Structure formats: C-alpha cells, structure tokens
There are 2 protein chains.
Amino acid sequence: MTAEGARPQRGRPRDPATDRAILDAALELFVEKGADGASMQAIAARAGVGKLTVYRRWSSKEELIAQAIESTRGDLAAQPVDDTAATVTELVEQVVPAAAAAITRPGFRAVLAQMLGSAQTHPRIMEACWEHYILPQREAAADLLARAVEEGTVEAGADFDALIDMMVGAVIYRVLQPVPLDAAEAERYLRSVYRQAGLLPAAPGRG
Amino acid sequence: MTAEGARPQRGRPRDPATDRAILDAALELFVEKGADGASMQAIAARAGVGKLTVYRRWSSKEELIAQAIESTRGDLAAQPVDDTAATVTELVEQVVPAAAAAITRPGFRAVLAQMLGSAQTHPRIMEACWEHYILPQREAAADLLARAVEEGTVEAGADFDALIDMMVGAVIYRVLQPVPLDAAEAERYLRSVYRQAGLLPAAPGRG
DNA sequence: TATGTTTACGGTACCGATCCGTTAATGAAT
DNA sequence: ATTCATTAACGGATCGGTACCGTAAACATA
C-alpha cells in the first residue's frame, strides 16, 4: 500500500525516514487511544509531518495501523531459544524470564486490549495483531507440547488445540485483568500454567 | 447516576419505558460500534428519544454505557443449576449445552471484544463488563473446582487461580478467534477444556 | 369540575471542537 | 525546467453538550 511498486525515479524522492516516523506515530497513537481515537491528523502531527504526506502513502487509516503493527516484531517471537536444551523443563525455564518480562511490559497489555477492541469494527487490524502478537505464542506453545509428548510428560491423546488455547488464553486473560502483574508474579504465574499443562514437573520445588 | 435519589414527586414523572429504550439502544450501539463509535445522538435516535432526554438521565456517555451493560444479566450467570447433581461430571454435563449456546451467540463475542477494547480508554466500562460477564464465569468455575477437589479428580495442591484462568481464558480466547464456532463445536470444545482441567473423565466416551 | 403549576418529552437549532479528505502554494531534487 | 514531496489552509461533516420551543402528563388547589 505504500505504492512503492512502480514509482518512477524522477523528481524528488520520498524520505524513508518519513515512512518510519509515520509508522511509529501510528503505532503509538493506536496503543494509546485505539483505532478510532487515533486520528490521521494526530498521527501526522506526532510524526512531525503534514497530513497529505500520510495520505500519499496510505489511503486508509485501517491499512496504516495494520502495517504499523506488522512493522513491529511481536516481542514474544524474538526470543532466541537454545535448541540444544535437553528437556522440556529446561526449555521452559529458559523461556520464562523473557516471557514474563514481555507480558509485564505496559505496552503489551495496551496492544492486546486495543487489538481485541478492533476485532468487531476493524478486521484488518485484528488480523495483523493476531498474526504478530498471538500466533507466535501459539507456535511456541505447540513446539513445547510436541516435545513434551515425546518425553511422555504430556499424554499423546490430549486435545492439543484446547491445551494451547488454555495456556495462551490464560496468559492473555490474566494480562488483561484489571489487577496488573509485576515481573516476579508473572514468572510464578507462567510456571503455574506450564506446570498445570504438564510442561513442568508437579513439584513446586523451585523459588 | 439516573438521579433517582431525591427527585421530587411533582410534575410529570419520567417514563420508565424511556429508560429501558435508552439503555437498550446504548447497549446495541456499543456492541455494534464500540464506545467511541456510539454517539449520544445516535443512541437517542435509535431509542426514539430526544438527546436532552438522554442527558437528563445520564451525564456522560461512559456512565450510560456502563449502566447499559450492568442492566443485562450476563447470560452465563443465569443458568439454573440442579444442585442435587451427584458428581462433578454430571454437573458439568448439565451446564455444557447452555454454556455452549451462550458463547456461540454472536452478541457474546461482540460484547467481549468491545469490552476488552474499552479497557485501555474507558476503565468504567471495562469494570462493568468484568463484573457482569467475567466474574460469573470465574465463580462457576471455582465452584466446580472445589467440588472436584472433594471428589479427588483435581489434586488439592493445584493452583486454583491459574487453573480458572486457563479454563475461562481458553474460552474467551477461543471465542475471540477469527474463526467462529458453532454450537456443536463449542460443546466439544468446552468438554475438552473441562476434561483437561480434570473436571471430566479422560475417556472421550460420550457423544 | 376547572384552573394553574411543575416537570418530562420530542424536535430543532446552536456552539466550539475535531475529524476527514482535498486543494493551493511552496520547496527540494533531478 | 520538470517533477514530485511537502506544508498550510479550506470545506463539509460530525461530535458532545446546551438552550429553547411547544406540548403532554401528572400534581395541587379551588
């Protein structure tokens, strides 16, 4: 939609820094005020740019915000995991601190809430959020479950989809609750969920 | 906020049907367009009422929508349960069809999504939704878990809060997913979740 | 019964603010 | 000189909220 396609090389070229400034501003305002509350002129103003400069690049707000979301890494997907870890338990313990930090970030709850709010009225935005913030969580959980089945800590007959929903859903649901979560609580909470799902040993031995 | 408190008894009394019409219109528009998209004049128009008639009763849109939400039974809390049921399994089987019907209603997803979207920008609305749509689910789940512990199907040491989050969270998360759910799938899904939590026997014998 | 007072009601108009999308003028790079 | 990016300004629309009008419904008093 940035119309990058067949733009001729004549005349004054567009400033790539302007693209980024607009995308950043759009994401910030979306997180702060939602898709409806973020106006095009507010986005332009925060980007330090004229309104037409935005309209030349994106024809609709929905598309702009969706691309702004897509231009970010989802924070949870970006955890480098040491694949040589032997057991699922080790793998989980390796992931928990970073995951706890990610879900505790104030912005995480904000993006999640605004995204879900967009579901009804802005499907395109919902779609972008889902792909970049939710699916990575699902995939990580699915990997862990697959390993756990190999190890025998999770029974092979279990309903995988439901189990993933329970893990991811619990985290999302907990994050959205009015009572916030600090980093230490988040770690404890994540371990509790993993344990209940069979990805950590039942013994509450650590901590 | 309806200022019902010290209103003198002289003059023409307010029409209670008008209150209901406004609340219904507000809820409908909130579900359709969200808290920002629902304008006061649209609410008044749909209620077949002058704008002032709305402002006479509610001083702000946030308060009106919050009360509109509070004026609805949460659909899930209203299931009469036969407390004489012997086992948790019977209890769950008794609840599943109604719960499946409730979470499959198109309005359920809409309210949920709009509510969560309001979390960031309209705390008062979030609060009302939480109390009327989420807490009943939690309490029902907690009751079932308590029974299950007595029966021994759920280990006493389990993290109740996390387990409830997983059950409620899974349902919410599943309902919000782009792919909708029909009644039969919802029943199967609910059983899967209950089973994974230990509230139904592992054998997939029924159905 | 008849009259007056009080409040609710629907409808219209208005205010300042904000939004969107476009147009006109200016500036930069070729 | 040409071509495009950019900013500033504009017009139409809508928002939340208020003010006013004429009317309808309940009360009080006579």
Side-chain angles (χ1 to χ4, degrees), chain A residues 1-26 28-30 32-66 68 118 121-122 124-125, chain B residues 1-26 29-30 32-68 118 121-122 124-125:
Chain A
M1 188 60 61
T2 34
E4 202 71 27
R7 203 150 48 84
Q9 284 297 32
R10 321 195 0 199
R12 173 177 175 176
R14 289 186 187 164
D15 187 350
T18 302
D19 288 285
R20 275 251 52 87
I22 294 174
L23 286 172
D24 290 346
E28 287 175 25
L29 278 168
F30 169 69
E32 290 174 17
K33 314 192 175 189
D36 292 325
S39 73
M40 286 299 245
Q41 61 196 21
I43 293 174
R46 182 168 298 199
V49 137
K51 220 174 13 165
L52 184 60
T53 305
V54 178
Y55 275 109
R56 195 192 319 281
R57 289 167 163 80
W58 290 276
S59 52
S60 81
K61 183 162 70 177
E62 193 157 352
E63 199 59 30
L64 167 56
I65 292 181
S118 308
T121 44
H122 304 274
R124 175 71 180 84
I125 294 176
Chain B
M1 186 58 63
T2 34
E4 202 71 27
R7 200 150 51 82
Q9 280 300 31
R10 322 216 338 217
R12 174 177 174 175
R14 289 184 187 165
D15 187 351
T18 302
D19 287 275
R20 275 253 51 88
I22 295 174
L23 287 172
D24 289 347
L29 280 167
F30 170 69
E32 289 174 18
K33 315 194 175 186
D36 291 325
S39 73
M40 285 298 246
Q41 58 197 22
I43 293 174
R46 181 167 299 199
V49 137
K51 212 165 33 155
L52 184 58
T53 304
V54 178
Y55 278 108
R56 201 190 325 269
R57 291 166 162 78
W58 291 275
S59 53
S60 80
K61 183 163 67 174
E62 193 158 353
E63 199 59 29
L64 166 57
I65 293 180
Q67 282 206 0
S118 308
T121 43
H122 303 274
R124 176 71 180 86
I125 294 176

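Remember, it's a predicted structure, so these values are computed and weren't measured experimentally. First the proteins, then the strands, lettered A, B, ... as listed; each starts at 1.
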Distance-only criterion, 3.5 Å: show the donor-acceptor pairs between side-chain atoms of residues 37-44 of chain B and protein atoms not counting sequence neighbours.
| residue | atom | partner | partner atom | Å |
| --- | --- | --- | --- | --- |
| B:Ser39 | OG | B:Ala42 | N | 3.1 |

Please list, pair by pair, any protein nitrogen or oxygen found under 3.5 Å from a nitrogen or oxygen in nucleotides 9-19 of chain C.
| residue | atom | partner | partner atom | Å |
| --- | --- | --- | --- | --- |
| C:dC9 | OP1 | B:Asp15 | N | 2.9 |
| C:dC9 | OP1 | B:Arg57 | NH2 | 2.8 |
| C:dC9 | OP2 | B:Arg57 | NH1 | 2.6 |
| C:dC9 | OP2 | B:Arg57 | NH2 | 3.1 |
| C:dG10 | OP1 | B:Gly48 | O | 3.4 |
| C:dG10 | OP2 | B:Gly50 | N | 3.4 |
| C:dG10 | OP2 | B:Thr53 | OG1 | 2.9 |
| C:dC19 | OP1 | A:Ser39 | OG | 3.4 |
| C:dC19 | OP2 | A:Gln41 | NE2 | 2.5 |

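- The CD atom of B:Gln67 lies 7.0 Å from the CG atom of B:Leu23; values are rounded to the nearest 0.5 Å.
- The distance from atom NZ of B:Lys33 to atom C1' of D:dC15 is 13 Å, rounded to the nearest whole Å.
- Using a 4.0 Å cut-off between a side-chain N of Lys or Arg and a carboxylate O of Asp or Glu, B:Arg14 and B:Asp19 do not qualify as a salt bridge.
- From A:His122, atom NE2 reaches atom CG of A:Asp36 across 4.0 Å, with rounding to the nearest 0.5 Å.
- Between the CD atom of B:Glu63 and the P atom of D:dG16 there is a distance of 16 Å, rounded to whole Å.
- Looking at heavy atoms from C-beta onward, B:Tyr55 lies out of side-chain contact with B:Leu64 at the 4.5 angstrom threshold.
- Rounded to an integer number of Å, the gap from CH2 of A:Trp58 to C1' of C:dC20 is 18 Å.
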